[in-house]
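These values consider heavy atoms only, across backbone and side chains, with no hydrogens, waters or symmetry-generated copies. Every value quoted in this text rests on a predicted model; they were computed, and no experiment measured them.
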Amino acid sequence: MTQKEFNKLRQQIDLMADHIMRDKGPEYTLMHDDVLNNFKSTAKRLNTSALKVWATYFDKQVNSVFAHVNHANVKKAESIDSRFADIINYAKLGLALFKEERL
């Protein structure tokens, strides 16, 4: 893959990640101003930490990528592009949780 091709791919996946975050964000935050509300509210219900909830959700996305890698013929619920876009978003949200907890 050339640098030009990679740059185009990177732009496409970043755009997809942005669209997913914008489209799914209100549902996951329950219309809350805190973009991390999904992790915090689930953590409270389960009596655990928001970071552990985040790690579980992140791992689900990584697991899905491994399903694509290891089982090419298994029917997938989402495209590989969507899974990588979700991983990008979860990485950003995870960093935000780490930063917030360290304040």
For [X], side-chain hydrogen bond (donor to acceptor under 3.5 Å, both in side chains) partners two or more places apart:
| X | answer |
| --- | --- |
| R45 | T42 |
| D14 | none |
| R22 | H19 |
| S82 | E78 |

> Among all residues two or more places apart in sequence or in another chain, which pass the side-chain contact (heavy atoms from CB on, under 4.5 Å) test with Q12?
Replying inline: K8, L9
>> List the residues meeting side-chain contact (heavy atoms from CB on, under 4.5 Å) with Q3, not counting sequence neighbours, and say none if there are none.
In response: F6, N7
>> Using side-chain contact (heavy atoms from CB on, under 4.5 Å), reason through Q61 and N89 one step at a time and then give a plain yes or no.
In response: CA-CA 10 Å; Q61 297 302 326; N89 287 334; over 6 Å; no
> If you link I, L, V, M, F, W and Y whenever their side-chain heavy atoms are under 4.5 Å apart, who else ends up in the same group as V35?
Replying inline: I13, M16, I20, M21, L36, F39, L51, V53, W54, Y57, F58, V62, V65, F66, V69, I80, F84, I87, I88, Y90, L93, L97, F98
>> Taking salt bridge (Lys or Arg N to Asp or Glu O under 4.0 Å) as the definition, give me every residue that meets it alongside D34, ordered by chain and number, with sequence neighbours left out.
In response: K40
>> Per the salt bridge (Lys or Arg N to Asp or Glu O under 4.0 Å) rule, what does the pair list look like for residues 50-70, sequence neighbours excluded?
In response: none
> Which heavy atom of A50 sits nearest a heavy atom of A43, and at what distance?
Replying inline: N-CB, 3.5 Å
